[in-house]
Amino acid sequence: MGITSTRRREIAWVLTGPRLGGALSFFSGLLFTASVLALPTSWHHADTENLLQALQDGGLVIYVRHGEAETEEDDTTRLTEGGCEQLAATAAALEEADIGAETVLSSPTTRTMQSARLLFPEAEIRSEDKLDMERFTDAETRGTLVAALRELLARPTDGGNRWLIGHITPLVMALDTPFGGDDLPVGTMAVFLPEGDGRFTHVGNLPPHWGLAEADTKTGESPGDFSVCEQEPPSA
């Protein structure tokens, strides 16, 4: 079943708020009827406070580009210390905001599994080939993987949030719109509304340094625990 029209209106109201009014409210309604918005120029950036409220309510899919990684990128490339600190701070901010995870799926690469563990240290992390960047470069498997990733973005959740930890290339292919790293920096959380029947809508981004900014407002508090970066990542 697709998401109900009532739930769609509720999320639209949370993300746009009554302050828009008139023609802009009409436009926001149109935005939620689209299956995918063009990127990057048409990405809709909801107010952070409203986006957090929608995430607290659940029912969304969040695609996280892994944290900052070492320069030489292959399947075993690890996160940098800065990338670890950034995601640990994000995890602390998510916990403070009471934003949880119904499901956490990660590409099997080291840097994505580390990112997933940092964000959700208590969750069960499932390795998912549909998010593996290297497989998306194979012409024989690309089409199947793109369709599978689109299904993950479109399939409604059971009420909680579905988190996908991956790379920029699969998302570019799934949205079929060219954009680059400057449009989706490492650590960015792109939030989607799943509508079923292959339909989903991008509703906003949480920027990569959101967690660190939240930590900076709490004098003397740790940005989070990133000891997982000192451990060997779990096997896929």
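Applying the side-chain hydrogen bond (donor to acceptor under 3.5 Å, both in side chains) test to T80 and every residue at least two apart in sequence or in another chain returns E68. Residues passing the side-chain hydrogen bond (donor to acceptor under 3.5 Å, both in side chains) test with T76 are D74, sequence neighbours excluded. Scanning for salt bridge (charged side-chain N to carboxylate O under 4.0 Å, His left out) contacts around E128 gives K130, with sequence neighbours left out. In terms of the salt bridge (charged side-chain N to carboxylate O under 4.0 Å, His left out) criterion, D75 has no residue partners (sequence neighbours excluded). Residues satisfying the salt bridge (charged side-chain N to carboxylate O under 4.0 Å, His left out) criterion with R162, sequence neighbours excluded, are absent altogether. Residues passing the salt bridge (charged side-chain N to carboxylate O under 4.0 Å, His left out) test with R155 are E151, sequence neighbours excluded.
Smallest separation of non-hydrogen atoms from P208 and T90: O-OG1, 4.1 Å. T77 approaches A69 most closely through the heavy-atom pair CG2-CB, 3.9 Å. The minimum heavy-atom distance linking N161 with G58 is given by the pair OD1-CA, 3.3 Å. Between S115 and G67 the shortest heavy-atom distance is OG-N, 3.1 Å. Nearest heavy atom pair, residue L51 against residue G204, reads CD2-C, 4.0 Å.
Here the straight-line distance linking atom OG of S107 with atom CG of L164 works out to 11.0 Å at 0.5 Å rounding. For the atom pair L131 CG and L145 CG, the distance stands at 9.5 Å (nearest 0.5 Å). With rounding to the nearest 0.5 Å, the separation of CE in M189 from CG in L184 is 11.0 Å. Atom CG in L105 sits 10.0 Å away from atom CD in E124 (nearest 0.5 Å). Atom CZ in R65 sits 10.0 Å away from atom CG in D183 (nearest 0.5 Å). Atom CG of L119 and atom CD1 of I99 lie 11.5 Å apart (nearest 0.5 Å).
The shortest side-chain heavy-atom distance between V61 and L193 does not fall under the 4.5 Å cut-off. The shortest side-chain heavy-atom distance between V146 and T144 does not fall under the 4.5 Å cut-off. Contact annotation: the side chain of V64 never approaches that of T188 to less than 4.5 Å [non-hydrogen atoms, C-beta and beyond]. With a 4.5 Å cut-off on side-chain heavy atoms, Y63 and P170 count as touching.
The one candidate from Q114, R78, H167, H66 that meets the side-chain contact (heavy atoms from CB on, under 4.5 Å) condition with T109 is H167.
Taking a 6.0 Å sphere around CG of D176, one finds it holds 12 or fewer heavy atoms contributed by other residues, nucleotides or ligands.
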